[in-house]
2 protein chains.
Amino acid sequence: MRWSDDSSGGRRGYHHGNLREALIRAALDLIGQKGPAGFTFADAARMAGVSSAAPYRHFRDRDALLADVARRGFELFTTALDRAWNDGRPEPLRAFENIGRAFLDFARKEPAYYAAMFEAGVALESDPGLRQAADDAFAVLRKASETLCALLPRDSRPPALMMSLHVWALSHGIASLFARPDAGRRKLPMSADELLEAGVLVYLRGLGLAGGTTGGSR
Amino acid sequence: MRWSDDSSGGRRGYHHGNLREALIRAALDLIGQKGPAGFTFADAARMAGVSSAAPYRHFRDRDALLADVARRGFELFTTALDRAWNDGRPEPLRAFENIGRAFLDFARKEPAYYAAMFEAGVALESDPGLRQAADDAFAVLRKASETLCALLPRDSRPPALMMSLHVWALSHGIASLFARPDAGRRKLPMSADELLEAGVLVYLRGLGLAGGTTGGSR
DNA sequence: CATCTCATGTGAACGGCTCTTACATGAGTC
DNA sequence: GACTCATGTAAGAGCCGTTCACATGAGATG
């Protein structure tokens, strides 16, 4: 597949026209196919139909491109989580579970973005916008946690930040271990979604937030 | 640092004597310094004081060396978790928390092994021994979970496999997000150990396994 | 319209990496 | 002492990241 500009039939001349975007699309394609380690600046350039030096007009180096992909990934991630939370509707507890599903959904449906965000070893500091985007994504979960915590009586209210860190870590753990196209890391007796939902429910019950039974049944 | 055989003063001749081990130690050194992506077969060869073609006498390719490091890592990991569990002594609940601490301890003190095991993208299938070693490590946690589950009345007993998957995922999530020398992924209001311990306690309480309060106060 | 400028592209080159091949060495064996 | 074969080397093909000098042409300016 070539991401050059001539998709509209017109011949592309010396200048590409939108190389920056083309490179990012190529990167997503390649990361999706071969993982973040297998992705190559030269390959992306080939895909875009330009010489291997051209990308340097748009990104300082390979890592900068990766960081940009990660940043965009976090922005999409924030949107997805936010939509799932939907300001706590129809009901905080259910909305909270929706966030969990959205987390895994994103990891499954956008493996390239997810890999760039969490597995490519991109330093969050490499781009100021990147850290911000990552923080924004986390903020969605944090806000949701605060809403849930507020349901509890003041004297038995857990710290919302801690709660969001727990859920974030559990979600990422399940995503990276069991929900990647990595495939056969391990065979599961249940889907990753069910696993996460059950885990969050147990956790919330431990905080006194979810009713329900104590284990096996249901 | 050179890992060649002449550490005992003797000059090394044409043959190294123990290149395989030397390469693995070099790999650990390099992965520890520059991450699994930065590790280089050629660098390891240089460190061992041999030509860049020599490693191929001992490992099919770079990935095979990485896989071997990962396998050894899982073996050490199994030992560490097993020692922490110590057959449930002095008391199952406390022993279970010890596993959590041992998990993070390993991630912190053996970042090179941990990276090879969980972050290098080594396929578990690349080496039959690798999958086995990984399964063995998980089995420790699974056995501990079974012991804990058995403390509950039969009709409210959660599936031990599910429980071990939850704790495994939470531990790995916290380790990979907050306990790596990656350093500044995010600022925490508490240590990774405290975070994991608190998370496991809340989770266990949700299963009806740990007593205690419902959050902030105690 | 003619010209100028500067962002964006090219080609060639450097060094480094993975991996292969043909050949060298020498430790252990008969 | 001669042989063998695991283990080493040197050289090289093909890749990649990155840089540099140079080419191109789109848009501003007169």
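Chain identifiers are assigned alphabetically (A, B, ...) following the order of the sequence lines, protein sequences preceding nucleic acid strands; residue numbering begins at 1 within each chain.
- Straight-line distance from the CG atom of B:Asn18 to the P atom of D:dA6: 18 Å, rounded to whole Å.
- An OP1 or OP2 oxygen of D:dC16 is reached within less than 4.0 angstrom by a side-chain nitrogen or oxygen of A:Arg46.
- Residues passing the side-chain hydrogen bond (donor to acceptor under 3.5 Å, both in side chains) test with A:Asp63, sequence neighbours excluded: none.
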Can B:Phe96 and B:Thr147 be said to form a side chain to side chain contact (heavy atoms under 4.5 Å, CB included), step by step?
CA-CA 10 Å; B:Phe96 198 76; B:Thr147 305; over 6 Å; no
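- Applying the side chain to side chain contact (heavy atoms under 4.5 Å, CB included) criterion to A:Arg57, with sequence neighbours excluded, gives no partner residue.
- For A:Phe59, there are no ring-ring contact (aromatic ring centres under 6.0 Å, His included) partners two or more places apart in sequence or in a different chain.
- In this view, A:Phe103 and A:Phe77, A:Trp168 satisfy the ring-ring contact (aromatic ring centres under 6.0 Å, His included) rule, not counting sequence neighbours.
- Atom pair B:Leu65:CG and C:dC17:C1' shows a separation of 15 Å (rounding to whole Å applied).
- Contact between the side-chain N/O atoms of A:His58 and the OP1/OP2 oxygens of C:dG9 is found at a separation under 4.0 Å.
- Applying the side-chain hydrogen bond (donor to acceptor under 3.5 Å, both in side chains) test to A:Arg62 and every residue at least two apart in sequence or in another chain returns nothing.
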Show me the protein contacts with nucleotides 24-27 of chain D, counting only N or O atoms at under 3.5 Å.
{"from": "D:dT24", "atom 1": "O2", "to": "A:His15", "atom 2": "NE2", "distance (Å)": "3.2"}

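- Under the rule for a side-chain hydrogen bond (donor to acceptor under 3.5 Å, both in side chains), the partners of A:Arg101 that lie at least two apart in sequence or sit in another chain are A:Asn98, A:Glu197.
- Partners of A:His172 according to the side-chain hydrogen bond (donor to acceptor under 3.5 Å, both in side chains) rule, which considers only residues two or more places apart in sequence or in another chain, are A:Tyr114, B:Ser176.
- Distance CZ (B:Arg57) to P (C:dT21): 11 Å, rounded to an integer number of Å.
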Between the protein and nucleotides 18-20 of chain C, list every N/O to N/O distance that falls short of 3.5 Å.
{"from": "C:dT18", "atom 1": "OP1", "to": "B:Phe41", "atom 2": "N", "distance (Å)": "2.8"}
{"from": "C:dT18", "atom 1": "OP2", "to": "B:Ala42", "atom 2": "N", "distance (Å)": "2.9"}
{"from": "C:dC19", "atom 1": "OP2", "to": "B:Tyr56", "atom 2": "OH", "distance (Å)": "3.2"}
{"from": "C:dC19", "atom 1": "OP2", "to": "B:Arg62", "atom 2": "N", "distance (Å)": "3.1"}

